[in-house]
Structures are given as C-alpha cells and as structure tokens.
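Some notes on the structure that comes next.
Numbering of residues begins at 1 and proceeds along the displayed sequence.
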Amino acid sequence: SASKYITEIITDFKDLIVSKYKELQDAEWTFDKGSTKVCTADENGKKKRCKVGISYNSKVVLTDNIAVDIWNLFENHFKDSYLPNIERITGNEEMGRYAFSAKNDDGDMIECTVNMPGEWNIPLISITGYTTARYRNLDL
C-alpha cells in the first residue's frame, strides 16, 4: 500500500507540473515502476520489503525560473502528504542542478531533480519515489 501511495502521489505531482508548463506538455515522459528489494529474514523468518526507483523522467530543457516554480509546487503539493519533511538542496543550483526532497520519519521519500543544460548536466527532470523496508500485510 505504501508503494501504491508513492506511485499515486508522484503521478499527481507530475500531472500538476505538466499542466502548468508547455515545455513539459510537449516532453516525452518515461515511467519506471521501480523494483522491490527483499531484506534478510528476521528471527521469525519474515522478510521486510522495500520499493525503490519508482520514477517519472523526461529529458527536457527548462529554465531556472521554471525550476524555482517547480520547487514552489513541490513544497505545496507534499506539505499535506505523509511526507512532511520537505527540503530544497541548494548546494548545486549555481551549476544548474535543482534538487528537492520530501520524506517522513520512517524513511519513505520522494525526490525531484531538475538539471539545466551545462558542462556537467544532461537537461532533465526526474521525480523518484522510495519506500522504506516494511512487512507485507499478509506477513502481519
């Protein structure tokens, strides 16, 4: 259920930003359903599972202004989700890489990266979700 929620909320966010920017409406998007990783068995023989790499990606050229607008949309979209710890990582913005994350205390996380074209960057936007290791409902 956690990976279904992550998939739904990043799909909603992708649809939101696509509806706002012509550059994203004309872009070709790829979707990756991610992969499930299985942890070693605990003392009861039950294994926790996590889902990694749920993502939408598009190789599209955006402007710095659009990247900042996407940050504002990201912050507003995820503030009422179950991923309330929202952060803008500004360390690489002068190189044209914008990165945002929303996570919870359990370890579930969504990241959004916007790369401007440049010497070190391939222009793209990527929205990726991860769920932390947990038991399946049938294991409980």
Worksheet item: What is the minimum heavy-atom distance between A102 and I86, and which atoms define it?
Response: CB-CG1, 4.1 Å
Item to complete: Go through the steps for E87 and K103 under the test side-chain contact (heavy atoms from CB on, under 4.5 Å), then give the verdict.
Response: CA-CA 9 Å; E87 180 180 14; K103 50 190 159 189; 4.2 Å; yes
Worksheet item: Looking at T128 and S55, what are the two nearest heavy atoms and their distance?
Response: OG1-CB, 3.7 Å
Practice prompt. Taking the side chain as every heavy atom from C-beta outward, state whether I54 and F31 have any atom pair closer than 4.5 Å.
Written response: yes
Worksheet item: Heavy-atom count around Q25 CD within 6.0 Å, excluding the residue itself: above 12?
Response: yes
Worksheet entry | Flag, side chain of N121 to backbone of P117, donor-acceptor distance under 3.5 Å | no
Discussion item. Tell me whether K20 is salt-bridged to D15, with the criterion being a basic N under 4.0 Å from an acidic carboxylate O.
Written reply: no
Discussion item. Between E28 and K59, is there a side-chain heavy-atom distance shorter than 4.5 Å?
Written reply: no
Worksheet item: Are F78 and F13 an aromatic pair by the rule of ring centers under 6.0 Å?
Response: yes
Worksheet, complete the sentence: For T36 and R49, the nearest pair of non-hydrogen atoms, with its separation, is CG2-CB, 4.0 Å
Item to complete: Measure the spacing between CG of D12 and OG of S81 and express it to the nearest 0.5 Å.
Response: 11.0 Å
Discussion item. Can you see whether D32 engages N57 through a side-chain donor-acceptor pair at a distance of less than 3.5 angstrom?
Written reply: no
Worksheet item: What are the two closest heavy atoms between V60 and E23, and how far apart are they?
Response: CG2-O, 3.6 Å
Worksheet, complete the sentence: D64 meets the side-chain hydrogen bond (donor to acceptor under 3.5 Å, both in side chains) criterion, sequence neighbours left out, with Y98
Practice prompt. Kindly give the heavy-atom pair with the smallest separation between A67 and V114, and that separation in Å.
Written response: CB-CG1, 4.0 Å
Practice prompt. Please report the closest heavy-atom contact between C112 and I70, naming both atoms and the distance.
Written response: SG-CG2, 4.2 Å
Discussion item. Tell me if a side-chain donor or acceptor on N115 pairs with a main-chain N or O of L124 at a distance below 3.5 Å.
Written reply: no
Worksheet item: Would a distance-only check, ignoring hydrogens and angles, find a side-chain to backbone donor-acceptor pair under 3.5 Å from S3 to K51?
Response: no
Discussion item. Checking T113 against I125 for the side-chain contact (heavy atoms from CB on, under 4.5 Å) test, could you report, in this order, the C-alpha distance in whole Å, the side-chain angles of both residues, the deciding distance, and whether it holds?
Written reply: CA-CA 6 Å; T113 303; I125 182 167; over 6 Å; no
Worksheet item: Partners of T90 by side-chain hydrogen bond (donor to acceptor under 3.5 Å, both in side chains), sequence neighbours excluded?
Response: none
Item to complete: State which residues pass salt bridge (charged side-chain N to carboxylate O under 4.0 Å, His left out) with D26; sequence neighbours excluded, sorted by chain then number.
Response: K22
Worksheet item: Given the rule in the side-chain contact (heavy atoms from CB on, under 4.5 Å) test, do C50 and K37 qualify, once you have shown the distances and angles that lead to the verdict?
Response: CA-CA 5 Å; C50 65; K37 306 294 182 187; 3.6 Å; yes
Fill in: Inter-residue atom distance T131.OG1 - D108.CG, 0.5 Å rounding
6.0 Å
Discussion item. Please say yes or no: joined through hydrophobic side-chain contacts below 4.5 Å, possibly via intermediate residues, are L16 and Y82 part of one cluster?
Written reply: yes
Discussion item. Would you say V68 ends up clustered with L73 if hydrophobic residues are merged whenever their side chains have heavy atoms under 4.5 Å apart, either directly or through other cluster members?
Written reply: yes
Discussion item. Under 4.5 Å between side-chain heavy atoms, counting indirect links through other Ile/Leu/Val/Met/Phe/Trp/Tyr residues: same cluster for I127 and V61 or not?
Written reply: no
Practice prompt. Please tell me if the side chains of F74 and I110 come closer than 4.5 Å, counting only heavy atoms from C-beta onward.
Written response: yes
Worksheet entry | Parallel, tilted or perpendicular: ring planes of W71 versus F100, cut at 30 and 60 degrees | tilted
Discussion item. For K48 and D42: C-alpha separation, side-chain torsions, deciding distance, then whether side-chain contact (heavy atoms from CB on, under 4.5 Å) applies.
Written reply: CA-CA 8 Å; K48 288 185 176 182; D42 65 11; over 6 Å; no
Worksheet item: Under the salt bridge (charged side-chain N to carboxylate O under 4.0 Å, His left out) test, which residues partner R97, sequence neighbours left out?
Response: none
Worksheet item: Mind checking what makes salt bridge (charged side-chain N to carboxylate O under 4.0 Å, His left out) contact with E111, not counting sequence neighbours?
Response: none
Worksheet item: Which value, rounded to the nearest 0.5 Å, describes the distance between S19 atom OG and K14 atom NZ?
Response: 10.0 Å
Practice prompt. Can you measure from NZ (K4) to CD1 (I9) and round to the nearest 0.5 angstrom?
Written response: 14.0 Å
Item to complete: Each residue besides Y130 in its hydrophobic cluster should be listed here, by chain and number; the cluster joins Ile, Leu, Val, Met, Phe, Trp and Tyr at side-chain heavy-atom distances under 4.5 Å.
Response: V52, M109
Response to the item:
Interatomic distance, OG@S58 vs CG@L24, rounded to 0.5 Å, equals 7.0 Å
Worksheet entry | Donor on one side chain, acceptor on other, Y56 and T30, under 3.5 Å | no
Worksheet item: Would you call E93 and R88 a salt bridge, taking side-chain N to carboxylate O under 4.0 Å as the test?
Response: yes
Fill in: Flag if over 12 foreign heavy atoms under 6.0 Å of CG, N44
yes
